[in-house]
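Single-structure report; data block below.
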Amino acid sequence: MTPSANDLIFRALLALVVLAPLPLGANRPAAWSALALIAGILLALWSIRTVIGAGTRPPRLGPLARVALPLLLVLAWGGVQASAPVPLDWRHPLWAEAASALPLPVVGHISLDPARSLDGVMKLLSYGVIFGLACVLGRNRARAHAGVRAVAWAATAYALYGLCVFFAGWERLLWLEKTDYLGDLTATFVNRNAFGAYAGLGLLCCLAVILSHLRRPARGGIRHHAERLVLGGLPYTLGAFVLTTALLLSHSRGALLATACAVLVLILALGVGRVLSWRIAGAALLMIGLGGAALSLTSGQVTLERLLDQTELSGDRGQLLRLGGEMASDASAGGFGIGAFAPAFRLYRDPSLPRPVIYDFAHNIYLEAVIELGLPAALLLGLSLTMVLTSCALGLRRRRRDQIYPALALAAASLLLVHGLVDFSISMPAIAATLALLLGLGFAQSRSTRPAAPADTDEARDSEAAHGVG
């Protein structure tokens with residue numbers, strides 16, 4: 001069957017997301033700018049295709065608009081933070097001090113670094129675009145199926161690359177010499193914690209495919225379950241093994257614990273959604289736990305030792321959180337500017353952090369959101385995400401099929417939200433883009449797609465021909 005225009009746009013979207021980790025997690029200006037540009041082009045192509053569609057009604061955008069409104073308000077506030085024409089009382093006092101000390105004219109802003117804030121707005125907007133495209137295109141079951149598989153295989157490929165480099169003893173990031181996290185598996189990411197979180201997302205996708213083959217059948221017993229698992233789930237079982245090994249060798253304790261929590265959320269969600277019977281869900285949880293424990297004993301000694309080491313929480317990390325709390329208190333009204341944590345932190349750093357380390361992130365995404373955006377905008381951002389997750393949670397019960405997608409979205413979000421208590425993996429553009437894709441697919445599949453199928457000839461043609469993840 002010839003792919004439709006929407007199929008081609010969705011494939012390009014998947015390519016954008018799965019290739020994002022390649023250039024150092026897309027955490028470089030050229031990489032995140034390219035991510036935003038391509039996402040914008042895909043949105044424009046979809047919009048043009050929708051406007052000039054062959055007499056078809058546009059898809060229903062009401063649910064997506066309700067989620068988008070708080071995000072748009074946050075983006076607007078980020079733009080205000082970076083703009084010059086704001087009331088004098090809103091501007092940070094440091095700009096007035098700079099104007100009195102420098103011979104050149106200085107224009108004040110709310111943000112301490114307007115250029116960083118514009119980058120922050122651009123990145124957040126690109127994640128919103130990826131989420132939106134995944135929502136409108138992911139209502140097609142075949143595309144949602146392809147999206148989960150693509151993330152699973154891409155993460156496995158990056159993990160395999162990381163394992164090859166790790167066991168070969170090459171301290172390199174692609175063609176670059178590695179300067180940080182020597183002895184840790186980071187694949188194409190600079191930070192071990194970022195790769196650990198990305199490997200966890202890939203592991204969740206593999207487990208979602210595997211567990212979907214254990215869904216309760218109309219008839220058949222243990223033998224039937226075993227046949228389905230071997231025939232459909234074996235490749236993803238191997239992928240899960242590779243990703244778990246790579247995660248353990250990253251030596252990221254935060255990512256390991258967050259992934260364990262996310263796996264529990266995934267299985268509980270599948271039980272609530274009736275994809276798995278509670279008996280099978282319990283057996284699956286036991287098998288995954290035993291397998292993870294066995295791998296931890298063989299490949300995760302360093303990670304286990306780091307889990308038992310609590311000195312970091314009372315050392316630099318504890319002081320960083322203390323100072324972050326002071327910053328959040330001072331910035332609760334309007335923030336220091338989206339993306340401007342690093343320059344703001346220089347004003348608060350004290351001798352309690354004597355090591356020559358540059359802190360670009362707060363190591364707590366909740367504190368960092370308040371520091372950069374201010375409390376009202378941070379709450380709006382949280383509201384947008386809460387609305388998505390609430391829809392996914394409701395979809396577990398109101399859908400009769402395809403609950404695997406909202407369950408996976410809930411698990412992926414829980415991984416990064418838990419990890420965000422102690423780290424900043426969600427700030428990596430490649431990881432945020434991957435989460436946006438999975439959330440979009442989960443949100444799209446949390447509602448019945450049947451009423452929307454006639455609205456798009458692409459959807460009507462193949463919505464009934466596809467059959468979920470399994």
| query | Would you say Leu410 and Leu396 make side-chain contact, with heavy atoms under 4.5 Å? | reply | yes

| task | For the pair Ser250 (side chain) and Leu247 (backbone), establish whether a donor and an acceptor sit closer than 3.5 Å, ignoring hydrogens and angles. | result | yes

| field | Gap between atom CG of Leu75 and atom CG of Leu381 - 0.5 Å precision | value | 9.0 Å

| request: Supply the atom-to-atom distance Ile338 CD1 to Ile371 CD1, rounded to the nearest 0.5 angstrom. | output: 13.5 Å

| query | Taking all non-hydrogen atoms of both residues, which atom of Ala82 and which atom of His109 are closest, and how far apart? | reply | O-CD2, 3.2 Å

| request: Find the distance between CG (Asp402) and CG (Leu441) and round it off to the nearest 0.5 Å. | output: 11.0 Å

| message | Looking at Leu421, is its backbone amide N or carbonyl O close enough to the side chain of Asn364 to form a donor-acceptor pair, meaning the two atoms are under 3.5 Å apart? | response | yes

| field | Side-chain touch Ile9/Leu13, heavy atoms, less than 4.5 angstrom | value | no

| field | Side-chain heavy atoms of Asp119 within contact of Arg116, under 4.5 Å | value | no

| field | Heavy-atom pair of closest approach, residues Ser446 and Cys392 | value | CB-CA, 4.0 Å

| query | Which heavy-atom pair separates Leu347 from His92 by the least distance, and what is that distance? | reply | CD1-CE1, 4.1 Å

| Under 3.5 Å, is there a donor-acceptor pair between the side chain of Glu368 and the main chain of Phe361? | no

| request: Decide yes or no on side-chain hydrogen bond (donor to acceptor under 3.5 Å, both in side chains) for Ser391 and Arg447, but give the supporting numbers first. | output: CA-CA 8 Å; Ser391 178; Arg447 291 174 170 80; 2.9 Å; yes

| request: Considering non-hydrogen atoms only, spot the tightest contact between Val190 and Tyr181 and give its length. | output: O-CD1, 3.2 Å

| Under 3.5 Å, side chain of Arg139 to main-chain N/O of Gln445, donor-acceptor pair present? | no

| Is a donor on one side and an acceptor on the other found under 3.5 Å between the side chain of Ser111 and the backbone of Ser117? | no

| query | Do Asn6 and Arg49 have side chains that get closer than 4.5 Å, going by heavy atoms? | reply | yes

| Least distance between heavy atoms, Ser425 atom then His419 atom | OG-ND1, 2.9 Å

| request: Spell out, as yes or no, whether a donor-acceptor pair under 3.5 Å connects the side chain of Arg91 to the backbone of Val86. | output: yes

| message | Between Leu437 and Phe131, is there a side-chain heavy-atom distance shorter than 4.5 Å? | response | no

| request: Show your reasoning for whether side chain to side chain contact (heavy atoms under 4.5 Å, CB included) applies to Leu35 and Tyr127. | output: CA-CA 9 Å; Leu35 179 75; Tyr127 309 147; 4.2 Å; yes

| field | Identified side chain to side chain contact (heavy atoms under 4.5 Å, CB included) partner of Phe424 from the options Asp360, Asn191, Asn193, Ile431 | value | Asn191

| query | Once the angle between the rings of Phe345 and Phe341 is folded into 0 to 90°, is it parallel (under 30°), tilted (30 to 60°) or perpendicular (over 60°)? | reply | parallel

| Pairs satisfying salt bridge (charged side-chain N to carboxylate O under 4.0 Å, His left out), at least one member in residues 339-354, at least two apart | Arg322-Asp350

| request: Would you check, one step at a time, whether the test side chain to side chain contact (heavy atoms under 4.5 Å, CB included) holds for His363 with Val422? | output: CA-CA 5 Å; His363 287 264; Val422 294; over 6 Å; no

| remark: The reported gap from CG in Leu201 to SG in Cys206 (rounded to nearest 0.5 angstrom) is 11.5 Å

| request: Specify whether Tyr348 and Phe336 have parallel, tilted or perpendicular ring planes, treating 30° as the upper limit for parallel and 60° as the lower limit for perpendicular. | output: perpendicular

| task | Check whether the ring centres of Tyr198 and Phe189 lie less than 6.0 Å apart, and answer yes or no. | result | yes

| Backbone N/O of Glu326 and side chain of Ser329: donor-acceptor pair under 3.5 Å | no

| request: Would you list the pairs meeting ring pair (Phe, Tyr, Trp, His ring centres under 6.0 Å) in which at least one residue belongs to residues 19-45, sequence neighbours left out? | output: none

| field | Trp77 side chain vs Leu373 backbone, donor-acceptor pair below 3.5 Å | value | yes

| task | Please examine the side chains of Leu438 and Phe443, heavy atoms only from C-beta on, and report whether any two atoms are closer than 4.5 Å. | result | no

| message | Could you check whether any side-chain heavy atom of Leu266 comes within less than 4.5 Å of a side-chain heavy atom of Leu415, counting everything from C-beta outward? | response | no

| query | How far apart are the C-alpha atoms of Ser427 and Lys123, what are their side-chain angles, what is the distance that settles it, and do they pass the side-chain hydrogen bond (donor to acceptor under 3.5 Å, both in side chains) test? | reply | CA-CA 10 Å; Ser427 298; Lys123 287 189 282 187; over 6 Å; no

| said: If I take atom CD1 from residue Ile404 and atom CZ from residue Arg399, how far apart are they, to the nearest 0.5 angstrom? | reply: 12.5 Å

| task | Determine, stepwise, if the pair Leu176 / Leu24 fulfils side chain to side chain contact (heavy atoms under 4.5 Å, CB included). | result | CA-CA 10 Å; Leu176 303 173; Leu24 306 181; 4.0 Å; yes

| More than 12 heavy atoms of other groups within 6.0 Å of Ile358 CD1 | no

| task | Starting from the C-alpha separation in whole Å, work towards a yes-or-no answer on side chain to side chain contact (heavy atoms under 4.5 Å, CB included) for Leu249 and Asp184. | result | CA-CA 6 Å; Leu249 293 176; Asp184 300 325; over 6 Å; no

| said: I'd like to check Asp423 versus Ile365 (side-chain heavy atoms, cut-off strictly below 4.5 Å). Are they in contact? | reply: no

| said: Check whether Gln319 reaches the backbone of Leu353 with its side chain - one donor and one acceptor, N or O, closer than 3.5 Å. | reply: no

| message | So, taking the atom named CG in Leu268 and the one named OG in Ser414, what distance separates them when rounded to the nearest 0.5 Å? | response | 10.0 Å

| request: For Trp153, check side chain to side chain donor-acceptor pair (under 3.5 Å) against everything at least two apart and list the hits. | output: Tyr236

| task | Check Met387 against Arg66 and note the closest heavy-atom contact, atom names and distance. | result | CE-O, 3.2 Å

| query | Any donor-acceptor pair under 3.5 Å linking the side chain of Glu171 with the backbone of Lys178? | reply | no

